[in-house]
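Since the structure is predicted, the reported quantities are computational estimates derived from the model, not experimental observations. Atoms within a ligand are numbered from 1 in the order they appear, just like the ligands themselves.
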Amino acid sequence: MNGFGKAIAHSNIALAKYWGKADAVRNLTAVPSLSLTLAALRTVTSVRFDPALAADEFNLAGVSVGGRPLLRVSKLLDAVRDEVGSATFARVESVNDFPTAAGLASSASGFAALAMAATRAAGMDASLAQVSALARAASASAARSVYGGYVSLGARAESAERVAPGAAFPLEMLVAVTLAGPKATASTDGMGHTQDTSPYYSAWVEAAPAVYDEVARAVHAADFDALGPAVEHSALLMHASMLAARPALIYLAPASLRVMERVRAFRYSGGRAYFTMDAGPHVKVLVEPSAAGELEVELARLEGVTQVLRSAAGPDAYWVEQ
Ligand code: DP6
């Protein structure tokens, strides 16, 4: 092994959502999902295997991190060490260029970048599919961040697959950031709680594959009028299953609803834009490049919206030299 690897992966936002596990131990998803990888939201991660270390170390944005995040990092590193028959610990350094753990899918780009960097550092000649499988075991949405453009992860799938390059259907995403603080319930816990307590969870799992098919067909056909309503339906179906959990999982903040209302008003006045939301209060809005600037300004004016990020489709994850 050459001991060092560095990689960049981009965040992704699911257009057809994943929520819930078919196999919690192997982290296989209960429903198929399809996402758009975002150019403007990146994680840069380096891994150095060092025989002098007595344990793995994880440094996020210059701060040493322990506890559960470190355990998740170590688990991924263990899988890589098993693969190459090594017992050497590693120092991991990671930086996001967007707010962490607020439903902006930092775990997606984070674990994708980690899997890329760790396989390189361990001297594995890993394919993107292998990197995606390693990332998926750590965080299922991370499997999708290994690829650029439109990406799918099948129910119970080991790794994600490329659906279409971003250039085949050039849409943009506006991320209306409504709160910068850490989210209240991490997705892994939130989906476990939904599975355990929500009477609507089974309805979600039953309905999700058809919505996924609708999203996939619309992406293949580059048909925005078909894609948008399916994207909103997927997000709202997922949030309905969360709202029906006991106690309820409410990721919607007042400003989230304001953004959703604004997007609907934009449509009533003839514009084309559609929202989606994940396990946090921010709202992501899918829009054509020609309308993105106008809507960006409108969303930034809303009460409770602290920032609007604008992004086109991003590329595959990639290795960078030291
Ligand atoms: C709402 O991939 O973060 O963003 O596999 O437990 O790490 P784990 O969950 P994670 O869940 C993402 C959920 C979502 C929807 C999505 O990205 O598909």
List every atom of ligand 1 that sits less than 4.0 Å from any heavy atom of [X], numbering the atoms from 1 in the order shown and giving each element.
X    : value
A14  : 16 (C), 17 (O), 18 (O)
S107 : 3 (O)
W19  : 1 (C), 13 (C)

How does [X] reach ligand 1, if at all, at less than 4.0 Å between non-hydrogen atoms: by side chain, backbone, both, or neither?
X    : value
A140 : both
S141 : both
N27  : side chain

Is it true that a side-chain atom of T194 and a backbone atom of G190 form a donor plus acceptor pair closer than 3.5 Å?
yes

Report the residues that fulfil side chain to side chain contact (heavy atoms under 4.5 Å, CB included) with H193, sequence neighbours left out, ordered by chain and then residue number.
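Per chain and number, H193 pairs via side chain to side chain contact (heavy atoms under 4.5 Å, CB included) with T197, A245, P247, L249.
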
So, does R144 sit close enough to ligand 1 that a heavy atom of it is under 4.0 Å from the ligand?
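True for this residue.
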
Is the gap between the ring centers of Y274 and F224 under 6.0 Å?
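Between F224 and Y274, which both carry aromatic rings, the centre distance is below 6.0 Å.
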
Do any nitrogen or oxygen atoms of [X] lie less than 3.5 angstrom from nitrogen or oxygen atoms of ligand 1?
X   : result
K21 : yes
R72 : yes
S33 : no

Tell me which one of M242, M277, M191 gets a heavy atom nearest to atom 11 (O) of ligand 1.
M191

Approximate separation, where rounding is to 0.5 Å, of R81 CZ and T88 OG1:
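Between R81 CZ and T88 OG1, I get 8.0 Å after rounding to 0.5 Å.
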
How long is the span from the NE2 atom in H10 to the OG atom in S145, to the nearest 0.5 Å?
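Reported value, rounded in 0.5 Å steps: 9.0 Å.
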
Parallel, tilted or perpendicular, judged at 30° and 60°: which one describes the rings of Y150 and F169?
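The rings of Y150 and F169 lie parallel, inter-plane angle below 30°.
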
Derivation of the side-chain hydrogen bond (donor to acceptor under 3.5 Å, both in side chains) call for S33 and R144:
CA-CA 9 Å; S33 58; R144 301 185 310 238; 2.8 Å; yes

Option from K284, R267, R264 for which salt bridge (charged side-chain N to carboxylate O under 4.0 Å, His left out) with E232 holds
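Exactly one candidate clears the test, R267.
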
